[in-house]
Amino acid sequence: MSATISKKAVGVETIGMTMRFGAFTALDDVSVKVSTGSFHALLGENGAGKSTLVKCMMGFYHPTSGDILVDGREVTIASPRDASALGLGMVYQHFTLVPSLTGAENLVISREKVPGVIDWRKERAALAQFMERMPFKLPLDVKVAELAAGEKQKLEIVKQLYLGRSFLVLDEPTSVLTPGEAQEVLGLVRAMTRAGDLTVLMISHKFHEVTAFADDVSVLRKGRLTGTGCVTDLDHRQMATMMIGDQPIAALDSRAEPKPDAEIVLKVKALKAPDRTGLKSIRIEDLDVRSGEIVGIAGISGNGQKEFLEVLAGQRPRDAGEVTVRGTAYAATRAEARALNVRLIPEEPMKNACAPKMTVAENISFRTFDIDGNGKPVSWISASAIRSFSARLVEQFKVKTASLSSPIASLSGGNVQRAVLARELTGEVDLLIVSNPCFGLDFSAVAEIRARIMKARNAGAAVLLMSEDLDELLELSDRIVVMSDGALVYETPIAQASVQTIGEHMAGHH
Amino acid sequence: MDATEIGLWGVPLAILGGAIRVSTPFIFVSLGEAITERSGRINLGLEGTLVFGAMSAYAVAVMTGSPWLGLLAAAFAGLCFGLFHGWICKFPKVNDIAIGIALMLFGSGLAFFFGKPFIQPSAPDLPAIPFGAWSDIPQVQAALDVNVLFLIGAALAAFLWWAFRNTRAGLILRVVGDSSDAARAMGLNPNTVRLAATGVGGALAGIGGAYLSLYYPGSWTEGISSGQGLMAVALVIFARWNPLGCFAAALLFGGAGALGPALQSVGVTQGYYLFYAAPYILTLVIMIATSSPSRSLAGAPGELSITK
């Protein structure tokens, strides 16, 4: 089989799609029409049923009732194989390319029929010919592990086209890309839909992408279709209402005026530490965070932010340099963190900030269980004090848990993060270090968590915020610093911040 | 110069000969382990497979009079051990390393049990090709007396190196070893591929065992393997999962193993026992030199439990 994209785009329509898992209805009578050659966006919060819907289309799930039409004809899609035979393909949020294989090897091995012995000269010629018809330019002889995220995402899309798919589901395709890369990839994909080569259904939660690139949009909430229509007819507010319904959203505290002469709380000087691979190191020359400001660190994942946070959290040894909090050397011991009121909200809170099998009450009390009301160490730990302390915090931070003695691993992601916030934001906070606090959380949890961080800032805490979500940084930060290739390469006050310039520095183009 | 007295030249010559002679089981076991590890699983049981292969090869050779049938029996026994390991590891929450250690003890124990009656009788040897026949010097002749299995092993290493890049089976093996998710997305079943890879790895280790009992040292004793199976695992890591690297590393280990006897043969009478430990010291040094507390190994298959 030689790969071709001679097949023109196909349209897909679901009619009355319903999917029940036991008593739980994940999809309730959803009819979505993705017309041939269109760029259709699918919006919804986590758990709204977006992925259930596309999994039904791709043959991973068999809907309880409802039909699928491909190009106007009713079809049965019993397995992913059936879906690909119809030209339906999916690009997953997490890459499915094999890192240690080259791009060419990845493409060839993903074909349905691969010859026993691969004639690379012939394959390479065929691939070169195929790539000429692609708008994407990619190095195919390099190991996928060495490609940038944007290139990987392009290769994923190219792979689907190489396999002859003409209807693509893109699952949050830009979540790992810089703004520039996102623009480029979506622009190229849109050009292909315009040319009639491709139909695209994009799962997204970024309104600006939807408005900029999509023709139509469908919105799901709690398994129901709450709206659909032309993108040009809808504004962001209408889309948000469809997505989250009428539940109140926590509003950000208005930003208290920053004081330029506020005390410097965190000072990092000439810090050097090995990175994850041990082959390179991160170097932070000079970074100050003042009381009452949020300093955002932007960067594409894998540029050393994670390692920097780990050093500040005490999870990673440093080779050189000094970190001081209020002029005192800080090595992230428990005693120092307590004395200097340093609090930490790491990414993946279940992994980095919780003991999954211990109870909610115990997890919330990690910082305080061994001291009494006056900060003196206690010799006998009081279970009832832990319970009453955590009961108050659970109430105050609206942590939804079956009971205080449930293991924290039984909570949903948003509630785990609320529990961690409850622990970290209670009491005096002078320095707050936060990393990707809203990753994978739904709309209302995100708004609430951001509001809490802003509140801590207004109360005088110095906040260092690392995030891969540029929108989050632009919303919260007073200053943005860009980290690229292990170093801080660019700094801008929020008033003068431009997404374009930040994106260029994130990509290392300076 | 007297033909039999070649003086200190005997040392490198003996090391060369020793490298060729001693390295063959290393080559087979490490190539087998390279295939298994490339599929994302580690089989520490190859030491047991090696010993059982040595026993079964010797037993079948004694009974049938044919070393080649012995070799086949060893490969088949190895295949069974490999498949058993692969089959158990398919179950969730089974640790491949623990199973490997259990199978290592099981294989050796079973080999001792069945091998008792074969300690006395002698079996026919696998043939060797006298590449040194052109020379009058016995040391040269001895060093260049190359067993066919060594040549097969060398060819196999080259073939595997080629096959990992240029065959469907090779690419599928690498896909499965590097990312189970990607493999499933392609419609491959990682467990099936790993089962086959562990089976082939076991068969090759069995052949390595056959070489031990049917050529060098050439008899069946309970102490026939001095940990070659385990060291071959270390060797695969040292060779960065590259078959040609495995071949080179096996030669290096073989050469180190021949250092002691070679020194003894030229009349070094003191301290040569220390050189018998050379391969083991080399293992340690290599493992220390190539490991790092903060860096993961370059080229390691992503699904391997020791590098995850």
Side-chain angles (χ1 to χ4, degrees), chain A residues 58-60 79-84 89-102 104-124 141 143-146 152 156 159-160 163 273-281 307 310 315-319, chain B residues 34-35 37-40 158-190 193-194 196-197 236-237 239-243 245 288-304 307-308:
Chain A
M58 291 295 136
F60 288 105
S79 69
R81 206 169 280 264
D82 291 354
S84 62
M90 178 154 175
V91 175
Y92 297 88
Q93 196 173 357
H94 301 289
F95 297 122
T96 58
L97 296 166
V98 184
S100 69
L101 266 60
T102 65
E105 286 174 330
N106 263 292
L107 289 180
V108 169
I109 197 65
S110 61
R111 278 203 326 238
E112 205 134 307
K113 289 201 184 79
V114 186
V117 174
I118 296 160
D119 178 353
W120 276 114
R121 201 181 315 163
K122 207 181 90 200
E123 294 291 349
R124 252 177 245 289
D141 290 325
K143 277 186 184 172
V144 167
E146 290 160 23
K152 284 185 200 163
E156 291 275 0
K159 185 173 106 180
Q160 295 296 323
L163 297 174
D275 82 342
R276 203 149 293 270
T277 61
L279 303 172
K280 291 188 290 184
S281 56
E307 285 85 348
E310 283 172 353
Q315 287 173 309
R316 175 173 290 273
R318 57 182 186 231
D319 292 340
Chain B
I35 294 174
E37 289 190 18
R38 273 291 181 109
S39 82
F159 170 75
L160 285 178
W161 179 79
W162 173 84
F164 278 151
R165 293 147 191 258
N166 291 296
T167 64
R168 178 177 58 208
L171 282 184
I172 286 180
L173 190 76
R174 285 166 60 201
V175 168
V176 168
D178 214 35
S179 165
S180 293
D181 289 337
R184 279 193 210 97
M186 282 174 203
L188 299 168
N189 182 345
V193 176
R194 291 191 185 130
V236 173
I237 298 170
R240 294 285 183 271
W241 297 271
N242 177 347
I288 293 167
T290 58
S291 69
S292 153
S294 55
R295 170 162 44 100
S296 59
L297 287 169
E303 290 289 323
L304 212 56
T307 55
K308 250 185 186 172

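Within every chain, numbering begins at 1; the chains are lettered A, B, ... in the order of the sequence lines, protein sequences first and strands thereafter. The figures that follow rest on heavy atoms only: side chains count, while hydrogens, waters and symmetry mates do not.
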Seminar exercise, completed: Of all heavy-atom pairs linking A/V98 and B/A182, the shortest is CG2-CB, 3.7 Å
Problem set entry | Contact origin within B/L188 toward chain A - heavy atom pairs under 4.5 Å |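 Neither part, no heavy atoms under 4.5 Å.
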For this session: With a 4.5 angstrom heavy-atom cut-off, could you sort out which part of B/D181 is near chain A: side chain, backbone, both or neither?
Result: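 When you check distances to chain A, no heavy atom of B/D181 falls under 4.5 Å.
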For this session: Calculate, to the nearest 0.5 Å, the distance between atoms CZ and CD1 belonging to B/R168 and A/I109 respectively.
Result: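 One gets 8.0 Å once the value is rounded to the nearest 0.5 Å.
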Exercise. Where does A/P115 contact chain B at under 4.5 Å (heavy atoms): side chain, backbone, both or neither?
Worked result: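 Contact with chain B involves the backbone of A/P115 alone.
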Exercise. Taking C-beta and beyond as the side chain, do A/L101 and B/D178 meet within less than 4.5 Å on heavy atoms?
Worked result: no
Problem set entry | Partner residues of A/S110 under the side chain to side chain contact (heavy atoms under 4.5 Å, CB included) criterion, sequence neighbours left out |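 Partners of A/S110 by the side chain to side chain contact (heavy atoms under 4.5 Å, CB included) criterion, ordered by chain and then number, come out as A/K159, A/L163, B/M186.
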